[in-house]
*Asks:* 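The structure is given below, and queries will be raised subsequently.
We name chains A, B, ... by the order of the sequence lines, and we start the count at 1 in each one.
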Amino acid sequence: MRLVFMGTPEFAVASLQALLDAGHEIAAVYTRMDTPKNRGMKLLPPPVKVLAQARDIPVFQPKNLRGEETQAQLRALAPDAVIVAAYGRLLPQAVLDVPRFGCLNVHASLLPKYRGAAPINACILNGETESGVTIMQMDAGLDTGDMLLPAALPILPDEPFGSLHDRLAKLGGETIVRALALLERGELKAVPQPKIGASYAPMIRSEDCKLSFDLPAKRVACAVRAYDPQPGAFALLGETKMKLFGASVAEDEGSLGAPGQILAVDKSGVCVACGRGAVRVAQVQGAGGKRMPADAFFRGHQSLLNEIFR
RNA sequence: CGCGGGGUAGAGCAGUCCGGUAGCUCGUCGGGCUCAUAACCCGGAGGUCAUGUGGUUCAAAUCCCAUCCCCGCAA
């Protein structure tokens with residue numbers, strides 16, 4: 001099939017790769033503009049652009065898709081379908097109307113749950129045991145279009161965001177390829193999203209990553225995992241901003257100390273008291289430092305052992 | 001020229017301001033204790049203090065200069 005692909009981050013790369021591997025013709029790739037990133041504010045291309053250029057696929061990076069010229073350009077590409085995966089831009093109705101089969105979206109949740117920008121994080125934050133991807137027929141709303149093909153995936157015990165992200169990205173690629181095969185045979189059925197059970201997963205703000213040890217251990221552990229490895233859940237230990245990774249529930253019940261108090265450090269990590277129970281955190285990252293095993297960190301920062309996470 | 005931290009033993013750090021014997025917590029090796037141990041006790045090995053064979057000095061991990069490398073924040 002002749003396709004146009006729209007996507008930006010690492011999550012979308014897996015889908016683009018899968019479409020290429022499946023032999024689809026990618027007429028062009030739309031992605032967001034290069035943005036200043038990293039040390040020195042270097043201008044970096046989005047991951048999708050890197051892959052597209054490596055395959056000599058034309059890349060377009062319009063500011064948005066509302067312009068008349070941009071839309072004419074898309075029409076000229078004459079795609080059978082537009083595949084969208086984490087593009088980060090809204091598609092106006094004029095764009096949705098261009099392809100014969102419309103625009104299909106790869107969304108990283110089992111709709112109608114977790115519509116929006118950060119479904120994977122929200123899913124882990126809420127302690128879900130199952131997630132998945134949904135191929136959706138896009139409409140003018142935000143992730144409100146008809147469902148075409150869902151694919152579920154169990155979340156592993158203590159699985160961090162990064163791991164689930166990678167597995168969902170892979171599943172997304174497999175599922176969009178499968179969906180297109182069904183579409184070509186006319187076997188893809190559109191099912192409206194149920195009204196009940198819909199939820200919205202907003203973009204992550206940095207303050208969302210601030211941990212509160214007053215919460216039960218289970219919720220603290222979920223919060224750590226939801227932002228592991230990026231951008232990293234954090235708390236203050238003394239004057240130092242500490243990021244925490246690799247959390248699991250150490251004790252489910254009871255009060256073992258003041259919330260945020262360090263109970264023990266060993267090879268498996270640092271054990272921190274919560275409002276109820278305690279969590280074990282395997283790795284930490286101090287201000288200006290790199291991520292390392294908790295026991296290694298505290299070996300060199302023993303005075304911090306008496307501080308309270310807050 | 002976005003802001004900032006750092007390079008000292010296998011790991012994580014202190015020492016640098018105020019130059020003067022290379023230190024801490026671990027790991028490792030050997031020995032001891034123990035029914036036993038990831039526990040405890042004793043002992044040992046392991047460092048050109050990133051680089052220059054740079055400058056200052058009687059003397060540089062420490063002060064000055066230059067170069068290389070690493071990392072965090074923010075987006």
Side-chain angles (χ1 to χ4, degrees), chain A residues 6-13 30-51 59 61-64 85-90 108 116-122 160-162 165 169 201-212 223-248 250-251 256 261-272 278-310:
Chain A
M6 298 182 178
T8 301
E10 208 58 54
F11 179 82
V13 170
Y30 283 67
T31 191
R32 286 218 261 178
M33 289 177 294
D34 296 8
T35 49
K37 277 178 195 286
N38 290 337
R39 211 170 299 133
M41 295 297 266
K42 289 186 287 273
L43 215 53
L44 287 186
V48 161
K49 181 180 179 182
V50 175
L51 174 58
V59 173
Q61 299 177 280
K63 190 170 180 187
N64 58 57
Y87 177 41
R89 289 277 110 98
L90 286 173
I120 308 175
N121 302 275
F161 160 76
H165 168 278
M203 278 192 297
I204 300 166
R205 300 160 304 170
S206 53
E207 67 210 71
D208 297 329
C209 301
K210 175 83 167 65
L211 290 171
S212 171
V224 172
R225 288 200 295 269
Y227 308 113
D228 176 356
Q230 287 291 339
F234 70 92
L236 291 175
L237 184 60
E239 301 301 312
T240 324
K241 181 175 173 181
M242 298 278 296
K243 287 191 177 182
L244 308 180
F245 304 96
S248 56
E251 290 293 337
L256 300 131
Q261 185 181 346
I262 295 176
L263 301 172
V265 179
D266 60 32
K267 288 191 188 70
S268 66
V270 56
C271 196
V272 184
V279 290
R280 186 180 311 287
V281 177
Q283 292 123 34
V284 301
Q285 176 184 18
K290 64 173 70 165
R291 176 174 170 164
M292 66 180 73
D295 72 320
F297 178 87
F298 285 107
R299 204 164 287 135
H301 300 86
Q302 306 209 1
S303 61
L304 288 178
L305 285 171
N306 299 318
E307 299 285 351
I308 303 283
F309 279 109
R310 57 188 164 77

*Asks:* Considering only B/C13, B/C73, B/C26, which nucleotide approaches the side chain of A/Met292 most closely?
*Replies:* B/C13
*Asks:* Please state the C1' separation for the pair B/U51 and B/G55 - nearest whole angstrom.
*Replies:* 15 Å
*Asks:* In whole angstroms, how far is the P atom of B/C73 from the NZ atom of A/Lys290?
*Replies:*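 Distance check: A/Lys290 NZ to B/C73 P gives 13 Å.
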*Asks:* Expressed as a whole number of angstroms, how long is the span from A/Lys267:NZ to B/A11:C1'?
*Replies:* 12 Å
*Asks:* With side chains defined as the heavy atoms from C-beta onward, is the minimum distance between A/Met242 and A/Phe234 less than 4.5 Å?
*Replies:* no
*Asks:* Starting at atom NZ of A/Lys243, determine the distance to atom C1' of B/A74, rounded to an integer number of angstrom.
*Replies:*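 Atom-to-atom, A/Lys243 to B/A74, this comes out as 10 Å.
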*Asks:* What's the CG-P distance between A/Asp34 and B/A75, to the nearest Å?
*Replies:*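 So the two atoms are 19 Å apart, to the nearest Å.
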*Asks:* Between B/G46 and B/C35, how far is it from one C1' atom to the other, in whole Å?
*Replies:*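 One C1' to the other, the span is 35 Å.
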*Asks:* Quote, to the nearest angstrom, the C1' distance that separates B/G44 from B/G27.
*Replies:*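 Those two atoms are separated by 14 Å.
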*Asks:* Is A/Val270 close to A/Phe297 at the side-chain level, that is, under 4.5 Å between some pair of heavy atoms?
*Replies:* no
*Asks:* What is the separation between atom CG on A/Asp266 and atom P on B/U37, rounded to the nearest whole Å?
*Replies:*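 For the pair A/Asp266 CG and B/U37 P, the rounded distance is 20 Å.
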*Asks:* So, do A/Pro229 and A/Arg291 sit near enough that their side-chain heavy atoms are less than 4.5 Å apart?
*Replies:* yes
*Asks:* Say we look at B/C13 and B/G54: how far apart would their C1' atoms be, to the nearest angstrom?
*Replies:* 29 Å
*Asks:* Between P on B/C69 and CZ on A/Arg39, what's the gap in Å once rounded to a whole number?
*Replies:*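 Distance check: A/Arg39 CZ to B/C69 P gives 12 Å.
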*Asks:* Both distances under 3.5 Å, Watson-Crick or G-U wobble: report the partner of B/A38, or none.
*Replies:* none
*Asks:* Using both distances under 3.5 Å as the test, list the Watson-Crick or G-U wobble partner of B/C26, or none.
*Replies:*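 Matched B/C26 with B/G10 under the 3.5 Å cut-off.
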*Asks:* Quick one: on RNA chain B, does A/Phe297 or A/Gln285 contact a more 5' nucleotide (nearest heavy atom)?
*Replies:* A/Phe297
*Asks:* Please report, rounded to the nearest Å, how far the P atom of B/G4 is from the NZ atom of A/Lys241.
*Replies:* 17 Å
*Asks:* Who does B/A50 pair with, Watson-Crick or G-U, both distances under 3.5 Å?
*Replies:*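 Pairing partner, where one exists within any strand: B/U67.
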*Asks:* For atom C1', what is the distance between B/A74 and B/C63, given to the nearest Å?
*Replies:* 33 Å
*Asks:* Say you pick atom P in B/A50 and the same atom in B/A60; how far apart are they, in whole Å?
*Replies:*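 Their P atoms lie roughly 15 Å apart.
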*Asks:* Just so I know, are the side chains of A/Asp266 and A/Arg280 near enough to count as touching, which here means a heavy-atom distance under 4.5 Å?
*Replies:*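 Of all side-chain heavy-atom pairs linking A/Arg280 with A/Asp266, at least one is under 4.5 Å.
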*Asks:* Mind checking the CG-CG spacing from A/Asn306 to A/Leu237? Nearest 0.5 Å is all I need.
*Replies:*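 Reported to 0.5 Å precision, the distance equals 10.0 Å.
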*Asks:* Return whichever of A/Ser206 or A/Met41 has its heavy-atom-nearest nucleotide of RNA chain B closer to the 5' end.
*Replies:* A/Met41
*Asks:* Need one value for A/Asn38: base, sugar-phosphate or nothing, where a base atom within 4.0 Å counts as base even if backbone is also close, heavy atoms only.
*Replies:* base
*Asks:* Are the side chains of A/Pro46 and A/Gln61 in contact, using a 4.5 Å heavy-atom criterion?
*Replies:* yes
*Asks:* On a whole-Å scale, what distance lies between the C1' atoms belonging to B/U53 and B/A38?
*Replies:* 47 Å
*Asks:* Please report, rounded to the nearest Å, how far the C1' atom of B/A11 is from the CG atom of A/Asp295.
*Replies:* 9 Å
*Asks:* Of all the choices, B/A75, B/A38, B/C13, which nucleotide is nearest to the side chain of A/Lys37 once you look at every atom?
*Replies:* B/A75
*Asks:* Please give the distance between the P atoms of B/U8 and B/G52 as a whole number of Å.
*Replies:*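 It comes out at 15 Å once rounded to the nearest Å.
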*Asks:* Using a cut-off of 4.0 Å on non-hydrogen atoms, how would the nucleic acid contact of A/Lys42 be classed: base, sugar-phosphate, or nothing?
*Replies:*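 It contacts nothing in the nucleic acid.
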